[in-house]
Structures are given as C-alpha cells and as structure tokens.
Amino acid sequence: MSTKQALLQPIEVGGMKLSNRVWMAPMTRSRANNEENAPFDIHVKYYEQRASSGLIITEGSQISKKAVGYVNTPGIHSKAQVEGWKKVTEAVHAKGGHIFIQLWHVGRISHPDFHNGELPHAPSAINPNSKSYTPEGFKETVTPKEMTLEDIKQTIQDFKNGAKNAMEAGFDGVEIHSSNGYLLHQFFNNSSNQRTDEYGGSIENRAKILFEVIDAIKEVMPENRIGVRLNPSLHGAFGMEADEETIPTFDYIVSRLNDYDLSYLHLSEPFTDVSEISYLESNIAKRYRPMFKGTLVINNNFDQESGNKVIEEGLADAVAFGKPFISNPDLPKRFEENVPLAEWDQDTFYTPGEKGYTDYPSLKESKVG
Ligand SMILES: Cc1cc2nc3c(=O)[nH]c(=O)nc-3n(C[C@H](O)[C@H](O)[C@H](O)COP(=O)(O)O)c2cc1C
C-alpha cells in the first residue's frame, strides 16, 4: 500500500488523471490591467508556476461586460481574452497540469462606474450595502436593477458563451461561481431575492437559475467537466444574510446536483463563526458528503494536517487551497517534503504587476537563493 499522504494521492475526475488532491482555489488577483481585461504574460507565468496543483481553478472571470464588479479582473467573453487564456492553458498543460476557469457574474456587487452609469443587475432591487472595487478605489454599492426575464435569459446565454469560449481557450473545464454572494448566490437567498415570478418565492424557484445555467453549459461542453461552487453558510459577508430557509435551499441544490454527472462540487466551510446561529451549518463537509454522490472538494482555511485529515475521514475527495498557493507556488512539493510554508503578503493580493504575484520562489529557487 502507498504511504503517500492523502493529499498527494492521485485522483481521477471527469476522465482526467490528476496527480494530487491539492487543488488551487479560485482567487481574484486583479492583474488584467489592460483595455480588454485580457490575461497576458504575467498570468501565463503565475499559473504555470502553480501547474503542480492537482487542479487549478482560475480567478473568477466575467462572462460579459455586465458581469464585472472589480477592477482589472479578466473576462472570458471577448476574442482577446480567449487568446490570452490560450497561452495560460498551453503553459499549464505543457507542465502536465490541469486547469478550469471560474465563470463569474457578480450581480449586485458592482457599481454604475462599470456600466456607463447604468445600474448593476440582480434578482431584486436590494442594495447589498457592500463595496465594489472600481477604477477609483472601493465604492459603496447601490440599489441594483431587478432583472427582467429577458435579462435572466441573456445571463444564462452569457454563461453558456463563457463555457464555449473556455473550451476554445483550451481549458479542461469550467467552475460555475454560484458562491460568495455573487449573482447566482443572490438568487438562492431570501434576503437578496424577493421575486414573485418563477425565479423567486419557493426553494425550487430560487434555485432554478443554477440548473438552467448548467443545462445551457452542457450543450457546449462535456457535463463531466463542469464544476459547481457553493458557500451554504455564508452570512454577514458579501451582502448575504441567511435565514431558516437557507440550508434547506442548499440541501435541495446539492441533492439535485446528483442528477448531473458533474466534475465536482466545490464547497466552502463557513467564512465566519456560525456556531451560534441555530439554522446555519457549521460543518459543511460533514453535512454534504453523505448527500452528494460525486467528487467533493472542500475549502477554507485548510492546512496540510487538516487537509490530509478531511480526506482520510472520507469527508472530501480533494482540498482547495487559496492563500497558501499565493505564496507557495509549488505547494504539493512543500507538503511532500513537510517543509514550513512561505507567508503571503495581503497588501499585494490585488495590486497590478509581478510583485506579490509571480515573485514568490519555488522551494528549489529559495534553496538556491
Ligand atoms: C485574494 C483572494 C481572491 C479571491 N477570489 C475569489 C474568486 O475569484 N472566486 C472565488 O470563488 N473565491 C475567491 N476567493 C476565496 C478563495 O477561493 C477561498 O475560498 C478563500 O481564500 C479561503 O481559502 P484559504 O483559506 O485556503 O485561503 C478569494 C480569496 C482571496 C484570498
């Protein structure tokens, strides 16, 4: 029997043989500071440096102009963006890695500055009282426009188009960003969705758009290369407020996802302590592992020890690491050698250029240096 750590065991997902279970969580880095919001050389270098991750999930990438809410985030809706991403996927594949793109629509977490003065779109006209990172710095969000049925139809098409572009750009798959208080998540929760039509009211109606997005995307790419990300217990962050119906809504979503042959379900443990809130779930992997039949990826605040443990306990098949991958480009190697991790610098998470982005050395480079 292999004595390899659980995190370093290979895993087969969607017909891909992934070399380990140390996946890179999607992280916005705001480096696409060009007119087109297209990835370029530094993105190629950044992702190539992290190609030893079992699966890279890219930063959230807007599926349309309307989908944007943060400055300098890359898109996946224009020709220039597809060309930019092609170089990224080629570089990762040349190193033997695998890479999915995260398809993103921020909904109401945006600002009129991004939309020629027009309002951002959301399920209902409710201000999240959050912040949008505009070209002029952080600005307060506004009351968004309630999407019409036509807007919803168009958005589903935009997700499909993003997936089609992702295939053209050479991605191995896509992750649907239905998490962290952004557009699809805004449909799920009562506090952000007070619609009275077929997209509001009941749990089924509030969840409907996600399944329509998946159905549309699978018309242009294999179903087993589609991942879905959820953050069921998000509360008091990104404008999200949970209530008694929140967890039942996610229970419904997760059970229905079993009807699909997805690549994986990517779940986050709560971002804040929700142990005092009776109707929220503090142990996301524990609750949803028995409910979901496919590959389950867990995230939030894991390290080598807790990552190995969650897999050994059978609560997840892989772990998505975020911040550790920022400062440790060869994270699986560091786990293999049981060496301490390099610290990340929060001040350069979202700043343009190479600093804090591509200048974290690999273990080998730091030993030589
Ligand atoms: C700089 C930064 C950017 C992030 N951007 C995204 C994003 O684009 N999409 C997303 O789903 N989550 C995003 N997240 C959340 C991470 O995917 C992850 O859930 C979070 O960092 C917790 O994991 P960790 O403790 O391993 O860092 C971001 C987190 C950070 C630190």
Side-chain angles (χ1 to χ4, degrees), residues 7 21-32 37 39 43 46-47 50 53-63 67-76 99-107 109-110 130-133 138 162 174-186 210 227-234 237-238 240 264-273 284-285 297-308 310 316 318-329 331-332 334-335 341-352 355-357 360:
L7 280 167
R21 293 149 191 258
V22 184
W23 295 10
M24 181 170 159
M27 279 179 296
T28 292
R29 304 302 312 277
S30 296
R31 257 64 178 191
N37 290 141
H43 296 81
Y46 171 74
Y47 285 111
R50 287 154 182 80
S53 158
L55 180 66
I56 294 173
I57 305 156
T58 71
E59 59 211 276
S61 304
Q62 59 266 9
I63 52 165
V68 73
Y70 294 81
V71 73
N72 299 333
T73 56
I76 183 71
I99 181 166
F100 276 34
I101 186 169
Q102 191 185 47
L103 301 179
W104 195 25
H105 191 311
V106 302
I109 310 288
S110 187
S130 186
K131 302 239 191 271
S132 171
Y133 185 21
F138 280 103
V174 304
E175 176 174 288
I176 300 170
H177 195 351
S178 36
S179 184
N180 298 354
Y182 296 113
L183 183 73
L184 298 178
H185 199 166
Q186 290 159 25
L210 173 63
V228 169
R229 185 172 215 205
L230 300 171
N231 190 345
S233 284
L234 185 68
F238 299 96
M240 275 292 124
Y264 62 83
L265 171 62
H266 183 175
L267 295 174
S268 293
E269 293 291 350
F271 277 8
T272 53
D273 181 4
I284 293 296
V297 191
I298 194 70
N299 165 254
N300 197 35
N301 219 9
F302 281 87
D303 59 17
Q304 182 181 1
E305 194 186 338
S306 57
N308 278 318
V310 75
V319 179
F321 293 89
K323 296 178 289 295
F325 254 117
I326 290 183
S327 47
N328 299 274
L331 190 62
R334 295 186 197 222
F335 288 166
L341 300 186
E343 295 283 319
W344 53 83
D345 173 13
Q346 206 163 331
D347 293 344
T348 50
F349 277 1
Y350 306 108
T351 47
K355 191 168 181 306
Y357 190 55
Y360 289 105

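Whatever order the structure lists them in is the order used to number ligands and atoms, beginning at 1. All values below come from the heavy atoms of this structure, side chains included, with hydrogens, waters and symmetry mates left out.
Looking at G322 next to ligand 1, an N or O pair under 3.5 Å apart turns up. In terms of polar-atom proximity, Y350 is not counted as a contact of ligand 1, lacking any N or O under 3.5 Å from an N or O of the ligand. Any N or O atom pair closer than 3.5 Å counts here, and P26 shares at least one such pair with ligand 1. Some N or O of G60 is nearer than 3.5 Å to an N or O of ligand 1, by distance alone.
Counting heavy atoms closer than 4.0 Å to ligand 1, residue F271 contributes side-chain atoms (C-beta onward) but none from N, CA, C or O. With a 4.0 Å heavy-atom cut-off, ligand 1 is reached by the side chain of F349 but not by its N, CA, C or O.
Summary of contacts: the protein heavy atom closest to atom 25 (O) of ligand 1 is N301 N, 2.7 Å. At the shortest separation from atom 21 (O) of ligand 1 among protein heavy atoms lies K323 NZ, 3.7 Å. Nearest protein heavy-atom neighbour of atom 22 (C) of ligand 1: N300 OD1, 3.3 Å. Protein heavy atom closest to atom 30 (C) of ligand 1, with residue, atom name and distance, is M27 CG, 3.8 Å.
Side-chain N or O atoms of S61 include none that pairs as donor or acceptor with a backbone N or O of L103 at under 3.5 Å. When atom types are taken as modelled, the side chain of E269 and the backbone of A285 share a donor-acceptor pair closer than 3.5 angstrom. With hydrogens and angles disregarded, no donor-acceptor distance shorter than 3.5 Å links the side chain of N299 to the backbone of S268. R31 contributes a side-chain N or O that, together with a main-chain N or O of T351, makes up a donor-acceptor pair within less than 3.5 Å. Remark: the backbone N or O of D303 is paired with a side-chain donor or acceptor of S306 at under 3.5 angstrom.
Looking only at atom types and distance, the side chain of Q62 has a donor-acceptor partner in the side chain of T73 under 3.5 Å away.
Screening Y264, F325, F321, F100 for a ring pair (Phe, Tyr, Trp, His ring centres under 6.0 Å) with W23, the sole residue that qualifies is Y264. Put simply, the residue from Y350, F138, F349, W104 that forms a ring pair (Phe, Tyr, Trp, His ring centres under 6.0 Å) with Y70 is W104.
Annotation for ligand 1: atoms under 4.0 Å from non-hydrogen atoms of F321 are 26 (O). Of all atoms in ligand 1, numbered sequentially from 1 with element shown, those under 4.0 Å from a heavy atom of A25 are 17 (O). Near H177, meaning under 4.0 Å from any of its heavy atoms, are these atoms of ligand 1: 9 (N), 10 (C), 11 (O). Listed by atom number, the atoms of ligand 1 under 4.0 Å from N180 heavy atoms are 10 (C), 11 (O), 12 (N). Those atoms of ligand 1 with a heavy atom of Q102 less than 4.0 angstrom away are 7 (C), 8 (O), 9 (N), 10 (C), 11 (O).
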### Task
I would like to know whether Y46 and R29 meet side chain to side chain donor-acceptor pair (under 3.5 Å); could you show each step before the answer?
CA-CA 10 Å; Y46 171 74; R29 304 302 312 277; 3.2 Å; yes
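Looking at every heavy atom in both residues, T28 comes nearest to G60 through OG1-N, 4.2 Å.
Atom 23 (O) of ligand 1 has its nearest heavy-atom neighbour, among N299, N231, T28, in N299. Heavy-atom proximity to atom 10 (C) of ligand 1, evaluated over R29, R229, E59, is greatest for R229.
Contact annotation: the side chain of L341 never approaches that of Q304 to less than 4.5 Å [non-hydrogen atoms, C-beta and beyond].
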